[in-house]
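All remarks here apply to the structure that follows.
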Amino acid sequence: MAVKVMIPTPLRPFAGRQASVSVEAQTVGEGLDALTGQFADLRRHLYADGGRLRSFVNVYLNEEDVRNLQKDETPLRDGDTISIVPSIAGGRSR
Amino acid sequence: MLKLSEELVERIRAHAAQSYPYECCGAMLGTESSGARLVKELVMLDNQREDSPRNRFLVDPADVLRVERAARAQGLDLIGWYHSHPDAPPRPSDFDREHAWPWYSYVIVSVEAGVPRRMASWRLLDDRSRFDGEEIGSDLTAAC
């Protein structure tokens, strides 16, 4: 399936300065793999050590958080849009 | 450099004081040109971290999307975020670093016993190893 991955402004320098990248994939997980395969420097900002998506990084398929769908296994259809959206979190040392 | 008018600095400080002893948070909308960032508008947000709001803040993705759309509608960029550190210095914590992305400006204001004090802005390095300080272009902050 040909889908579009929307790149948030802070990560565009690591994705060829593009606002969106087209990838071929069957699932959301494959789509993100294709994206980071093309732009390896994105990985450290999306994934923590161990390969899990960072806790503050959220992935949407069209308008729906993939955590409410089938997560990485969520199937894609031609023309779908994957968006990477951060939660903003922080705070002082305990 | 991050350019913040005295009025916007005062609004951040007031938000931080009102929120004490909890952390406040908000978004900064503005423009970037030749490396200089000009903040034109603030969006004050609710800290959605209910379990430990004294030392944590959270802006959920729905609010992030709402703020991004508001910025675009005004021809602005979402250039960064501010939050407060109650009774702690305005330095990023390890928790801040683990939850940050490069490019954004992260403004932190310390609040001591309810009174806003020092303010600083930070940018995460591309390798995620640490933050670098970012000069705030406001005479007022130098006196804080």
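Convention: sequence-line order gives letters A, B, ...; per-chain numbering from 1.
Residues B/Ala62 and A/Tyr60 approach most closely at N-OH, 4.3 Å, considering heavy atoms. In terms of heavy atoms, A/Arg54 sits closest to B/Glu98 at NH1-O, 3.8 Å. Considering all non-hydrogen atoms of both residues, B/Pro102 and A/Phe14 come closest at CG-CZ, 3.8 Å. A/Ala89 and B/Leu58 get closest at one heavy-atom pair: CB-CD1, 4.1 Å.
No more than 12 heavy-atom neighbours from other residues, nucleotides or ligands sit within 6.0 angstrom of CG on A/Asp49. Atom CZ of B/Arg91 sits in a sparse spot, with 12 or fewer heavy atoms from other residues, nucleotides or ligands closer than 6.0 Å. Annotation: B/Asp63, atom CG; neighbour count of heavy atoms from other residues, nucleotides and ligands within 6.0 Å is above 12.
In the hydrophobic clustering of this structure, B/Tyr20 does not group with B/Tyr82; members are Ile, Leu, Val, Met, Phe, Trp, Tyr whose side-chain heavy atoms approach within less than 4.5 Å, directly or through other members. In this structure, A/Leu61 is a member of the same hydrophobic cluster as A/Ile7, with clusters built from ILVMFWY side-chain heavy atoms closer than 4.5 Å. Grouping the Ile, Leu, Val, Met, Phe, Trp and Tyr side chains by contacts below 4.5 angstrom, directly or via other members, places B/Val107 apart from B/Tyr22. Residue B/Leu8 is not grouped with residue B/Leu38 when hydrophobic side chains (ILVMFWY) are merged at heavy-atom distances under 4.5 angstrom, including chains of intermediate members. Follow the hydrophobic side-chain contacts under 4.5 Å out from B/Leu42 and you reach B/Leu65 in the same cluster.
In terms of heavy-atom pairs under 4.5 angstrom with chain B, the leader among A/Asp41, A/Asp65, A/Val57, A/Asn58 is A/Asn58. Residue with the most contacts toward chain A among B/Ser93, B/Ser84, B/Ser110, B/Pro90: B/Ser93 (heavy-atom pairs, distance under 4.5 Å).
Here the CD1 atom belonging to A/Ile88 is positioned 11.5 Å from the CD atom belonging to B/Gln48, to the nearest 0.5 angstrom. Annotation: the span from A/Ser83 atom OG to B/Glu68 atom CD amounts to 9.0 Å, rounded to 0.5 Å. Once rounded to the nearest 0.5 Å, the distance linking CH2 of B/Trp101 with CG of A/Leu11 reads 4.5 Å.
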Before you tell me yes or no, could you show the steps for B/Val64 and A/Phe56 under side-chain contact (heavy atoms from CB on, under 4.5 Å), namely the whole-Å CA-CA distance, both residues' side-chain angles and the distance that decides it to 0.1 Å? CA-CA 12 Å; B/Val64 173; A/Phe56 71 95; over 6 Å; no
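In this structure the side chain of A/Pro86 reaches within 4.5 angstrom of the side chain of B/Tyr104, judged on heavy atoms.
In this structure, chain A has no heavy atom under 4.5 Å from any part of B/Ala27. Only the side chain of A/Ser55 comes within less than 4.5 Å of a heavy atom of chain B; its backbone N, CA, C and O stay farther away. Contacts between B/Arg97 and chain A at a heavy-atom distance below 4.5 Å are absent for every atom of the residue.
Looking only at distances, a side-chain donor or acceptor of A/His45 sits under 3.5 Å from a matching main-chain atom of B/Asp126. A donor-acceptor contact shorter than 3.5 Å links the side chain of A/Arg92 to the backbone of B/Pro86.
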